[in-house]
Amino acid sequence: PQPKPTPKPTPKPVPCPPHQLPPGHPPVPCPMPPPPPPPPACSVLPVLGFGQIWYSNTQVRNALGCALAPEYGLSAYEQYFKGGYAVGDMNTKMVYAMYDNRTWSTFPTNFDPAAPSPYLVPPLGGQYLPRPVAASMQQFQGGLMLWTASKGFYVLYNNGAWQFLN
């Protein structure tokens, strides 16, 4: 005789919260929420903080898609400017500028704090004050994730929008 498969437990509906029922109404079962979709099959998966955000936030995961390469550390500096915050990657000589209107851009730089940037307006007080910062980045199909030790996690989407998650 063949062994019988172990029956899978069926989830039991939970009663609806009382605030959703009229006063004095007996509890009724609420429909079970659908399970979250599984993460896509990707050849490179994010880990550590980027992985935590990617796995726990379906909206971010769906918008970014699969990672194109593993996370890597940056030799970076950060600076505030009029209308936003920027992180410069000294290895690629690129700046990632996050503007207060929730858009972002990237542009090349020569990393000379004394030379005015054609892209960033100095903050009130008139001086750029770039300072070194620990940072890491990971590229995805739909954008990138950027982390700095001073600020936290940014998701920069290919559509030009950014989101701060911490």
Side-chain angles (χ1 to χ4, degrees), residues 8 11 13-14 17 20 30-113 115-124 127-166:
K8 292 182 181 175
V14 293
Q20 294 181 356
C30 282
M32 295 296 291
C42 300
S43 59
V44 177
L45 295 173
V47 296
L48 304 174
F50 293 154
Q52 185 177 15
I53 290 170
W54 189 82
Y55 281 105
S56 66
N57 191 318
T58 306
Q59 181 182 356
V60 169
R61 184 173 64 242
N62 289 343
L64 287 178
C66 292
L68 300 176
E71 172 182 339
Y72 56 94
L74 303 179
S75 176
Y77 74 89
E78 66 182 351
Q79 71 181 56
Y80 291 90
F81 61 92
K82 187 175 181 180
Y85 171 73
V87 176
D89 179 354
M90 295 175 72
N91 295 328
T92 62
K93 306 245 186 292
M94 296 300 290
V95 171
Y96 298 85
M98 283 73 70
Y99 304 102
D100 291 343
N101 67 2
R102 296 289 185 188
T103 63
W104 71 278
S105 67
T106 185
F107 50 85
T109 183
N110 61 6
F111 289 101
D112 181 0
S117 168
Y119 304 102
L120 304 177
V121 176
L124 297 177
Q127 284 188 316
Y128 290 108
L129 300 171
R131 62 180 177 215
V133 66
S136 61
M137 181 180 289
Q138 187 163 16
Q139 301 282 338
F140 291 80
Q141 293 166 325
L144 60 94
M145 283 192 189
L146 174 66
W147 170 84
T148 67
S150 64
K151 298 282 282 180
F153 294 92
Y154 288 90
V155 181
L156 310 179
Y157 298 102
N158 284 349
N159 68 3
W162 65 266
Q163 182 179 4
F164 179 74
L165 300 168
N166 214 6

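For the numbers below, each heavy atom of this structure counts, side chains included, while hydrogens, waters and symmetry mates do not.
- Residues Leu64 and Tyr157 meet the side-chain proximity criterion, which asks for heavy atoms closer than 4.5 Å.
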Task: Intermediate values then yes/no, side chain to side chain contact (heavy atoms under 4.5 Å, CB included), Trp54 and Leu45 - done: CA-CA 9 Å; Trp54 189 82; Leu45 295 173; 4.0 Å; yes
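- The nearest pair of heavy atoms linking Met98 to Phe81 is O-CZ, 4.1 Å.
- Using a 4.5 Å cut-off on side-chain heavy atoms (C-beta onward), Arg131 and Tyr80 make contact.
- Across all their heavy atoms, Trp147 and Ala134 have their closest contact at CZ3-O, 3.8 Å.
- In this structure, Ser136 contributes its side chain and Tyr72 its backbone to no donor-acceptor pair below 3.5 Å.
- Across Met137, Met94, Met90, a single residue satisfies side-chain contact (heavy atoms from CB on, under 4.5 Å) together with Leu74, and that is Met137.
- The environment of Gln141 atom CD is dense: over 12 non-hydrogen atoms of other residues, nucleotides or ligands sit within 6.0 angstrom.
- In this structure, the side chains of Thr148 and Tyr85 come closer than 4.5 Å at one or more pairs of heavy atoms.
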TODO: Verify side chain to side chain contact (heavy atoms under 4.5 Å, CB included) between Val60 and Met145, making sure each step is shown before the conclusion.
DONE: CA-CA 10 Å; Val60 169; Met145 283 192 189; 3.8 Å; yes
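- With a 4.5 Å cut-off on side-chain heavy atoms, Tyr77 and Val133 do not count as touching.
- Take Phe164 and apply the ring-ring contact (aromatic ring centres under 6.0 Å, His included) test, not counting sequence neighbours, and it matches Tyr154.
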- [ ] Please report the C-alpha distance between Tyr96 and Ser105 in whole Å, then the side-chain angles of each, then the deciding distance to 0.1 Å, and finally whether the side-chain hydrogen bond (donor to acceptor under 3.5 Å, both in side chains) criterion is met.
- [x] CA-CA 6 Å; Tyr96 298 85; Ser105 67; over 6 Å; no
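- Using a 4.5 Å heavy-atom threshold, the side chains of Cys66 and Val44 count as separate.
- If you take CZ on Arg61 and SG on Cys42, they are separated by 9.5 Å, rounding to the nearest 0.5 Å.
- Across every non-hydrogen atom of Gln138 and Pro46, the tightest pair is OE1-CB, 3.5 Å.
- We find that Lys151 and Glu78 are not joined by a salt bridge, their nearest charged nitrogen and carboxylate oxygen being 4.0 Å or further apart.
- Shortest non-hydrogen contact noted between Ala86 and Val95 is CB-CG1, 3.8 Å.
- Take Asn166 and apply the side-chain hydrogen bond (donor to acceptor under 3.5 Å, both in side chains) test, not counting sequence neighbours, and it matches no residue.
- Residue Gln52 holds its CD atom at 11.0 Å from CG of Leu165, rounded to the nearest 0.5 Å.
- Results of the side-chain contact (heavy atoms from CB on, under 4.5 Å) test with Trp104 over Leu146, Leu156, Val155 single out Leu156 as the only residue that passes.
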